[in-house]
Asker: 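Starting off with a structure, shown below.
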Amino acid sequence: MSQRVAVIGAGPSGLTSIKSCLDEGLEPTCFESSDDIGGLWRFKETPEPGRSSIYRSLVVNTSKEMMCFSDFPMPADYPNYMLHSQLLQYFRLYAQHFDLLRHITFQTSVLTVRQRPDFSRSGQWEVVTENREGQEQRHVFDGVLVCSGHYTQPVSPLDQFPGHESFPGRCLHSWEYKDADAFRGKRVVVVGIGNSGGDIAVEISRAAEKTFLSTRKGAWVLARMSSSGLPLDMTAISRLTVLLTSLLPRALVNWAAERSLNHRYDHRLYGLQPTHRLLEQKPLINDDLPGRILQGAVVLKPDLRGFQGSGLLFQDGTTEGDIDAVVFCTGYNGTFSFLPPSLCSGSVGDLNLYRRVFPPALERPTLAIMGLFQTKGPIFPAVEMQARWVTRVIAGLTQLPPRKTMLSKIETETKRNMKSCLCPRQAALHVDYIPYLDSLAEQVGVRPNILGLLLREPSVGLRVLLGPCTPYQYRLRGPGKWDGARQAILTQWERVAQPFRTRTVGWSPTGHPHPVGACSPALQDQDAPTTREQNQSLL
């Protein structure tokens, strides 16, 4: 009899978890509180309490080849960086291709997840759900995968600022923000310089009279576009980069990378200079912020100190008057109110998780938290790898180490991360992208054998070693091996180039032929199939 697994949430984490359950012979039932899939990436005109919310113009920060699921490349004609609506369409294609929708129960919320009385023997959970009519139902599952995300509870520090009670303008969190229409002709302060803060400040600056961006620590700013106009992550996230970074002195790598960034625009001159080195924390991905600063449309300010009537006071003693609105881009609290309180531990109240997945306090490893981590790389392939590992653990095909070993591993990783992440919560959440993927892949049995590839098939081995670490690498061997993985790797640069091919260009300023995409050696494969053929043959 198949083991039954509850999957909570039908966003990207939930979808790949359903598929992984099916791949391992498990029987998944997914509970989704809304009426559709997509989670965070499903835009709604009005934010709904308890659910994620995004703004109308949101564009992804990772490119399509890097962020797709490992056995389902995105269509070749998709742009490399896409709007949220196109990403949602990809999830629909994924769910349709693998027939996932029939395993999802929509408009059903999970109220509680509790261990059964015989949990130490059975590892089973009692899950209480509520449908749209308010009817409760009790279920018994052999495993639970929590895929409900952690961008549902916005953190607003408004109460920390004196004088906010008398501020006549509007204060809101980025969770509420949809577009800049309401700020036309206004004077606006955006607080926080994460990716949302950068995006929102830039967008508001195109409509507002004046836009101020307040930051406590500053940020290193990277554009999505790298050398020769290629996607940044396709050139930066590779095994070669990891190898060089580990061999060279960290201070030297920081100096060289920061010097390169400052050649484009001097972060100190622009007021962006952060208090940390480039490799210590996630950079800000934004194509337009430096240009808006150059034009005076966005003005950098230090940390907010308080309110003075309709004005705002900043940490350097300066003030800005007649402010109409303040947008707080200050993050979220990851809360899982349906889980047993005993699972929450630590000084910051976060879940204590082995490899950012399993609570080590459980006697049986039959509950996993998916996607609760931060990394300098695409999220979806890492969550997919989590799901492939977790389902094999629940199926009894892979074992976890003893609890003492898991706790020691958590402590070691957190201490190491504290050297660069001053915040304990960030230190607990951080994982290094490729090493993290490889460590989970080792458990699943799908870590690429680079030496073997170099000996048997150098064309693929060299791309895996020197090229971008695309997700297809983890489908070349082992459980879940995909026959299309090799071809997907060989043609990955073709799919990068395809959306540019809207106008034939047969010459360059030097007079030499320069076909689109020839800047990448991988694009010059003579035997590469056409893009339309790729989409058919790969899938």
Asker: How are the rings of Tyr332 and His173 set to each other: parallel, tilted or perpendicular (split at 30° and 60°)?
Answerer: perpendicular
Asker: Indicate yes or no for a side-chain donor-acceptor contact from Thr241 to the backbone of Ile237 under 3.5 Å, with no hydrogens or angles considered.
Answerer: no
Asker: Just checking, is any N or O donor in the side chain of Tyr78 or Gln89 under 3.5 Å from an acceptor N or O on the other one?
Answerer: no
Asker: Salt-bridge test for Glu45 and Lys178: reply yes if a basic N is under 4.0 Å from a carboxylate O, no otherwise.
Answerer: no
Asker: I'd like to know if Asp288 and Arg206 make a salt bridge, using a cut-off of under 4.0 Å between side-chain N and carboxylate O.
Answerer: yes
Asker: Can you tell me how far the OH atom of Tyr270 sits from the CG atom of Leu272, to the nearest 0.5 Å?
Answerer: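 Here the interatomic distance stands at 9.0 Å.
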Asker: Would you please indicate if the ring centroids of Phe373 and His430 are separated by under 6.0 Å?
Answerer: no
Asker: Step by step, would you call Arg495 with Met74 a side chain to side chain contact (heavy atoms under 4.5 Å, CB included)?
Answerer: CA-CA 9 Å; Arg495 288 186 296 281; Met74 291 197 186; over 6 Å; no
Asker: So, Gln295 versus Arg292: side-chain donor-acceptor pair below 3.5 Å or not?
Answerer: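 Present: a donor and an acceptor within the cut-off.
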Asker: Give the C-alpha distance, both sets of side-chain angles, the deciding distance and a yes or no for side chain to side chain contact (heavy atoms under 4.5 Å, CB included) between Ser109 and Phe31.
Answerer: CA-CA 7 Å; Ser109 301; Phe31 299 109; over 6 Å; no
Asker: Taking salt bridge (Lys or Arg N to Asp or Glu O under 4.0 Å) as the definition, give me every residue that meets it alongside Glu32, ordered by chain and number, with sequence neighbours left out.
Answerer: none
Asker: Report yes if the side chains of Glu65 and Pro231 come closer than 4.5 Å at any heavy-atom pair, otherwise no.
Answerer: no
Asker: Out of Arg92, Lys44, Arg51, which one pairs with Asp36 under the salt bridge (Lys or Arg N to Asp or Glu O under 4.0 Å) rule?
Answerer: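 Answer after filtering Arg92, Lys44, Arg51: Arg92.
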Asker: Looking at the rings of Phe69 and Tyr94, which for Trp means the six-membered one, are their centres under 6.0 Å apart?
Answerer: yes
Asker: For Phe167 and Phe161, I'd like to know if the aromatic rings sit close, meaning centre-to-centre distance below 6.0 Å.
Answerer: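 Between Phe161 and Phe167, which both carry aromatic rings, the centre distance is not below 6.0 Å.
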Asker: Could you tell me whether Lys186 and Glu209 have a side-chain N and a carboxylate O separated by less than 4.0 Å?
Answerer: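 Not counted as a salt bridge, because no side-chain N and carboxylate O are separated by less than 4.0 Å.
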Asker: Do Asp181 and Arg56 meet the salt-bridge criterion of a basic N to acidic O distance under 4.0 Å?
Answerer: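 No, Arg56 and Asp181 are not salt-bridged.
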Asker: Fit a plane to each ring of Phe380 and Trp41, take the angle between them on a 0 to 90° scale, and name the class: parallel (under 30°), tilted (30 to 60°) or perpendicular (over 60°).
Answerer: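 The arrangement is perpendicular - the two ring planes meet at more than 60°.
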Asker: Decide, yes or no, whether a salt bridge links Arg224 with Asp287 under the criterion of side-chain N to carboxylate O below 4.0 Å.
Answerer: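 Looking at Arg224 and Asp287, the cut-off is met.
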Asker: Could you check whether the rings of His267 and Trp220 sit parallel, tilted or perpendicular, using 30° and 60° as the cut-offs?
Answerer: tilted
Asker: Apply the salt bridge (Lys or Arg N to Asp or Glu O under 4.0 Å) test between Glu258 and each candidate in Arg268, Arg277, Arg264; give the one that qualifies.
Answerer: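 Of Arg268, Arg277, Arg264, salt bridge (Lys or Arg N to Asp or Glu O under 4.0 Å) with Glu258 is met by Arg277 alone.
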Asker: How far apart are the C-alpha atoms of Glu203 and Ser57, what are their side-chain angles, what is the distance that settles it, and do they pass the side chain to side chain donor-acceptor pair (under 3.5 Å) test?
Answerer: CA-CA 9 Å; Glu203 183 168 86; Ser57 62; 2.5 Å; yes
Asker: Quick one: do Glu280 and Arg250 make a salt bridge, cutoff under 4.0 Å?
Answerer: no
Asker: Evaluate side chain to side chain contact (heavy atoms under 4.5 Å, CB included) for Leu284 paired with Leu222, printing each intermediate quantity in order.
Answerer: CA-CA 6 Å; Leu284 168 64; Leu222 279 68; over 6 Å; no
Asker: For Glu176, check salt bridge (Lys or Arg N to Asp or Glu O under 4.0 Å) against everything at least two apart and list the hits.
Answerer: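 Residues passing salt bridge (Lys or Arg N to Asp or Glu O under 4.0 Å) with Glu176: none at all.
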Asker: Taking OH in Tyr151 as the centre, count heavy atoms belonging to other residues, nucleotides or ligands within less than 6.0 Å. Is the count above 12?
Answerer: no
Asker: Relative to the ring of Phe338, is the ring of Phe336 parallel (under 30°), tilted (30 to 60°) or perpendicular (over 60°)?
Answerer: perpendicular
